[in-house]
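Everything on this sheet refers to the single structure shown next.
All ligand and atom numbering here is 1-based and tracks the order in the structure. For reference, positions follow the sequence shown, starting with 1.
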Amino acid sequence: MKIIMLGAPGAGKGTQAKMIAEKYGVPHVSTGDIFRANIKNGTQLGMEAKKYMDQGLLVPDELTVRILLDRVAQDDCKNGYVLDGFPRTIPQAQVLDEALTKLGDKIDYAIDVDVPDENIIRRMSGRRACLTCGATYHIEHIPPKKEGICDKCGSELVLRDDDKPETVKNRLAVYHEQTQPLIDFYEKKGVLRTVDGTLPMEEVFAAITGILG
Ligand code: AMP
């Protein structure tokens, strides 16, 4: 099963992607997580990506596509994956499409987690992330057991630079301009399904499992 998660930054698609990955036994592939891991390890790729991420801009397609195609070519992706945060532009979607077509394969579903901008801004300022293990929390909706500390690994939680209000506004503008056209792209392919992302997390997940079966 090959699934793409669509939706504005902060729509909750990462949380849903992790839940889907667990239930259906496929890897959760997040380009954002791959970039952040590279930043943390101080790689060349990480340094290049950080320049864009810190401003709420997209990392150039060429770099992003290379990373993604390498990742989905790995063995654990043989039976499918959930893509979270990729594609984010029409050219990225076209490259993925061409790569899959060459393999006689295709995307099964593109799930759009739909949330209005005003909800997004409110949500993102409450997000907290663990830069050590990648776990994410929300001070209201998914609080850690101990304030400011990751339940999973005990590291300190932070408000990611790219979740800060001024960056969020940039990211939303970038989303509307560059990523929203993907909704049409996948609708034309007949694989788009939309879920109401303003509902509680469990209800959003129930709607998704209703689609995936
Ligand atoms: P995310 O964790 O998916 O919200 O991604 C965080 C940041 O990483 C984004 O704001 C972009 O700067 C960068 N990024 C992640 N995925 C992509 C992508 N598919 N194309 C370009 N930039 C991306």
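- Nearest protein neighbour of atom 23 (C) of ligand 1, counting heavy atoms only, is Phe35 CE1, 3.8 Å.
- Note that CD1 of Ile3 and CG of Leu212 are 4.5 Å apart. Values are rounded to the nearest 0.5 Å.
- The two residues Pro87 and Ala93 have their closest heavy-atom pair at CB-N, 3.5 Å.
- At least one N/O-N/O distance between Arg36 and ligand 1 falls below 3.5 Å.
- Between the side chains of Asn119 and Thr198, no donor N or O sits under 3.5 Å from an acceptor N or O.
- Under the 4.0 angstrom criterion for non-hydrogen atoms, Arg160 is in contact with ligand 1.
- Ranking the protein heavy atoms by distance from atom 4 (O) of ligand 1 puts Arg171 NH2, 2.5 Å first.
- For ligand 1, the atoms lying closer than 4.0 Å to a non-hydrogen atom of Thr64 are 18 (C), 19 (N), 20 (N), 21 (C).
- For atom 15 (C) of ligand 1, the nearest protein heavy atom (residue, atom name, distance) is Arg88 NH1, 3.2 Å.
- Val95 approaches Leu69 most closely through the heavy-atom pair CG1-CD1, 3.9 Å.
- For the residue pair Ile149 and Gly154, the shortest heavy atom distance occurs at CG2-O, 3.6 Å.
- The shortest N or O to N or O distance between Pro9 and ligand 1 is not below 3.5 Å.
- Here the heavy atom of the protein found nearest to atom 19 (N) of ligand 1 is Gly85 O, 2.8 Å.
- Summary of contacts: the protein heavy atom closest to atom 6 (C) of ligand 1 is Asp162 OD2, 3.4 Å.
- When the options Lys51, Gln44, Lys50 are evaluated for a side chain to side chain donor-acceptor pair (under 3.5 Å) with Glu48, the one that passes is Lys51.
- Of the residues listed (Asp117, Asp161, Asp163), the one engaging Arg171 in a salt bridge (charged side-chain N to carboxylate O under 4.0 Å, His left out) is Asp163, and it is the only one.
- In terms of protein heavy-atom proximity, atom 22 (N) of ligand 1 is nearest to Val59 N, 3.0 Å.
- An N or O contact shorter than 3.5 Å is missing between Ser30 and ligand 1 by distance.
- Remark: minimum distance from atom 20 (N) of ligand 1 to any protein heavy atom is reached at Gln92 NE2, 2.9 Å.
- When only interatomic distances are considered, the shortest N/O to N/O separation between Thr31 and ligand 1 falls below 3.5 Å.
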Next item on the list: Would you please test Asp108 and Lys106 for salt bridge (Lys or Arg N to Asp or Glu O under 4.0 Å) and show each step?
Entry: CA-CA 6 Å; Asp108 296 298; Lys106 63 173 184 48; 3.6 Å; yes
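- Atom OH of residue Tyr81 and atom CD1 of residue Ile107 lie 5.0 Å apart, to the nearest 0.5 angstrom.
- Shortest contact from atom 11 (C) of ligand 1 to any protein heavy atom: Leu57 O, 3.6 Å.
- An N or O contact shorter than 3.5 Å is missing between Gly56 and ligand 1 by distance.
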